[in-house]
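Below is one structure, written out as C-alpha cells, with a few remarks after it.
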Number of protein chains: 2
Amino acid sequence: MLDNRVKTFMKAVDAGSFSRASKDLFISSVSIKKQMDSLESELGVQLLERTNRGVKPTVAGEIFYGSAARANQLSEHALRQIRGLSHQEKPTVKVGTSLLRPCSRFLDIWTRAGSSDEFSIEIVPFEDGEKLDKVIANLGNGIDCFLGPCDAPRWFKLCSVLKLGFYDCAIAVPRRHVLSEKSHLAWDDLEGQSLMLIEKGTSPVLDSLRSEIESRHPSINVVDTPTVYGIDTFNQCEREGIFMETLDVWRDVHPGFATLPMEWDYRIPYGLFYSKNPSDRMARFVDLLTEG
Amino acid sequence: MLDNRVKTFMKAVDAGSFSRASKDLFISSVSIKKQMDSLESELGVQLLERTNRGVKPTVAGEIFYGSAARANQLSEHALRQIRGLSHQEKPTVKVGTSLLRPCSRFLDIWTRAGSSDEFSIEIVPFEDGEKLDKVIANLGNGIDCFLGPCDAPRWFKLCSVLKLGFYDCAIAVPRRHVLSEKSHLAWDDLEGQSLMLIEKGTSPVLDSLRSEIESRHPSINVVDTPTVYGIDTFNQCEREGIFMETLDVWRDVHPGFATLPMEWDYRIPYGLFYSKNPSDRMARFVDLLTEG
DNA sequence: CATCCTTACGTAAACCGTAACTATC
DNA sequence: GATAGTTACGGTTTACGTAAGGATG
C-alpha cells in the first residue's frame, strides 16, 4: 500500500546507512540513494542527513518515519483482514516453484500429511534468474514458501527451513561425452575429468565430498562454481564440456546433460523455506507438515 | 506516501468507472485498468468488480478503501506538519514556468506587492508538452501556481485564478513573409491572408475578434487551432506559412515568426493559476497579491 | 449503438546495477 | 585503507498511450 520509496526510507532509517539497508533490501545502495533523493525532492523536504558514517533522519524525517510506520501498520492490518475473507473456506498457501526448486515432491508430502482438508495450495512460478536471496527475503509476499536443498547454513540466517527429506547427489555428464551413454558412474570413470563443485565452505556435505576427491582421487580436477547453482551454471558447463556434481531433481533442467547416479552415498537434505516471521496461517501449515 | 496504484484505486471507486476516473486523473483508462490489475495481483485479492457499466468495489475492496483513506489522511497530516517546519523562516511558493507560461511579469508584481518579506519564491520549470490540464490538476504538488492567459472559462472549473493584468493580442508573421519586415500591422495587411485563431467557444475575447473578422474582413481566412496553443501550433503555422493570432509575451517562443502589434485593442487577461483547494500558505500568498 | 472494459503493440520514462570517484575516519 | 555517500553511464523493466476488439444493455 505504501510507496516503495517510503518503505525504503524506513529501512534506511532502521539500518542507519544506505549500505546496510542495501543488504537488507537486496538492492544496491545507489538505488536506495536515488530513491531517497526522489522522495525528498517530491516532498520538498530533506528527510535524511547524510554523513560519511551513515545517515540519520532529520526532524522532518522522524515525523515522517512515525507517520509512515503507523500507515504501514494500518495497511498491513487491512491486508490481513482482506486476505482472511477472500478465501473464507480454506486458507491458501502459495508455493513457489522454479526449474531449480521444483515443488514436485512437495505435493506428495502434503497430501500424505492430510493437510489437504485444511489448506488449499496455489503454485506460483518464480524465475531462477532473480537473486535467490531476494526471493527468500520476500517470503510471505507473493510466495509463502518453496522447496529446495537446504544444506548450506547460510539460508538459516535468512529464513526458517523445515527439513523434509534428501536429494541424491549425482553427476551431470555433457551429452557429447561418451560417458553419458552409461547408466551409472563409478570413481574410475571420473579420473582425469573436470568436475564442477560448489565453492568450498558453502555446503558441509559437498565439502566432505571435496575432501574425499582431494585425498583419494587427486586426478579429478575440481572447478569451483559460485555459492548458488543457477541455469547459467548448467549452460557454462555444457559449453565447456565439463562434468557437474548435481542432484537427481535437476535431471531435466538442461537437455545437454545426462544425469547419472554415482557410486557414492552423498545426499543433500531438502526442506521447505518459509519466512522467519511466518503468518499464523503459514505457521499452522508448517505445524501440519511437521506432524504428518 | 501511498503507492500510486492505491491512489488510483480510490479515485476509481469514487468515480465508479475507469473511464470517469481517467478524466479526473488525466491518464488513460487503459493505464488505470493495468494499475488495478497489478494491484490486485500483488495483493492476491480482487478489489473491483468490473461490469460493462463501470466498476464497483468488492467487499475486500471496501475494506481496503477504508484503510487506504485513513492512511492517506495520516500521510497528508504528516506532510503538512513537515512542510510547516522545514521552512521556518520563510514559506516557499513554487512558481511554474514554461515557454508559453513565462513567469517574467510575475516577479515584478510580486516585488511590488511587498510580499518578498514574507515568502521566498522558487521557480520550477515545466514542459509545455504535457497536457496543461494535468499540470493544473496537480497544482499544489511540485508546482504551487503559474501565470498564464485566463480568458477561457474552462480553466475556472479546474482551478482558482487570480487576475493580474492583460496581454496584448498581436500577429505572428512567418519571417519569410514580406510583411514580417513591418513594425506594425493594419487590417489592410491581413486581407486575403490565412490567420490561425483558437477554436470558437474557447475564449470570449477571441470570439469577438472572430466576429469582427467574419463581418468586416471576410477575405481573411480563419483557421482553427485546438483549444490550447502549444509549441506544435507554432511549428505547424511556421511550416504552412500562415499568420497567427498571438500574444506579446509569446514574442520569443518561435524564431520563425515576427510578432507584430496590430491596430486593434484586443487584450487577453492573464492571471495566477492555483489549486482550487489551496494550502494555507498558498491562500495567504494570494491574499498578499490581492492587497498589493 | 453507445458505453465501458480489455487486448495488442510501440514508445518513453523510470529503475537498477557496475564502476569510478570523493570524503572522512 | 576501510567505509561511507555520490556521479556517470548503459541496459532492462515498467508505465503509458493509441488503436482496435469485444461484451452488455
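We name chains A, B, ... by the order of the sequence lines, and we start the count at 1 in each one. If you're wondering where the values come from, they're calculated on a predicted model, not measured in any experiment.
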Review point. Which nucleotide in the set dT18(C), dC4(C), dT6(D) lies at the smallest distance from any side-chain heavy atom of Ser28(A)?
Key: dT18(C)
Review point. Can you check whether Lys34(B) has a side-chain N or O nearer than 4.0 Å to OP1 or OP2 of dC5(C)?
Key: no
Exercise for review: Look at atom NZ of Lys94(A) and say whether more than 12 heavy atoms of other residues, nucleotides or ligands are closer to it than 6.0 Å.
Suggested key: yes
Check your understanding: Under 4.0 Å between a side-chain N or O of Arg20(B) and OP1 or OP2 of dC4(C)?
Key -> yes
Check your understanding: Rounded to the Å, how far apart are Asp37(A) CG and dA14(C) C1'?
Key -> 14 Å
Study note, to complete from the structure: Ile32(A) CD1 to dA4(D) C1', in whole Å, measures 13 Å
**Study point:** Minimum heavy-atom distance Glu40(A)-Leu47(A), with the two atoms named
**Key:** OE2-N, 2.8 Å
Point to revise | Separation of atom CG in Asn4(B) from atom P in dC16(D), rounded to whole Å | key: 7 Å
Exercise for review: Return the value, rounded to whole Å, for the distance between atom CD of Glu127(B) and atom C1' of dA13(C).
Suggested key: 13 Å
Practice item. May I ask you to say what Ser38(B) touches in the nucleic acid, namely base, sugar-phosphate or nothing, with a heavy-atom cut-off under 4.0 Å? Key: nothing
Check your understanding: Between dC16(D), dC5(C), dT7(C), which nucleotide gets closest to the side-chain atoms of Val30(B)?
Key -> dT7(C)
**Study point:** Nearest-Å distance for atom pair CZ/P, residues Phe18(A) and dG17(C)
**Key:** 15 Å
Point to revise | Asn52(A) CG to dT24(C) P, straight-line distance once rounded to whole Å | key: 6 Å
Practice item. Can you label the angle between the Phe146(A) ring and the Phe273(A) ring as parallel, tilted or perpendicular, going by 30° and 60°? Key: parallel
**Study point:** Presence of Gln35(B) side-chain N/O under 4.0 Å of dT14(D) phosphate oxygens OP1/OP2
**Key:** no
Exercise for review: Measure from CD on Glu49(A) to P on dG5(D) and round the result to the nearest Å.
Suggested key: 13 Å
Study note, to complete from the structure: Comparing nearest nucleotides in DNA chain C, the 5'-proximal residue of the pair Phe26(A), Thr51(B) is Thr51(B)
Review point. Leu25(B) CG to dA15(D) P: how many Å, rounded?
Key: 16 Å
Exercise for review: Verify the contact: side-chain N or O of Ser19(A) to OP1 or OP2 of dG5(D), cut-off strictly under 4.0 Å; return yes or no.
Suggested key: yes
**Study point:** Mutual orientation of the aromatic rings belonging to His254(A) and Phe234(A) [parallel < 30°, tilted 30-60°, perpendicular > 60°]
**Key:** parallel
Check your understanding: Are any of Arg50(B)'s side-chain N or O atoms less than 4.0 Å away from OP1 or OP2 of dT6(C)?
Key -> yes
Exercise for review: Give the C-alpha distance, both sets of side-chain angles, the deciding distance and a yes or no for side-chain hydrogen bond (donor to acceptor under 3.5 Å, both in side chains) between Asp14(A) and Tyr65(A).
Suggested key: CA-CA 10 Å; Asp14(A) 293 340; Tyr65(A) 183 96; 2.5 Å; yes
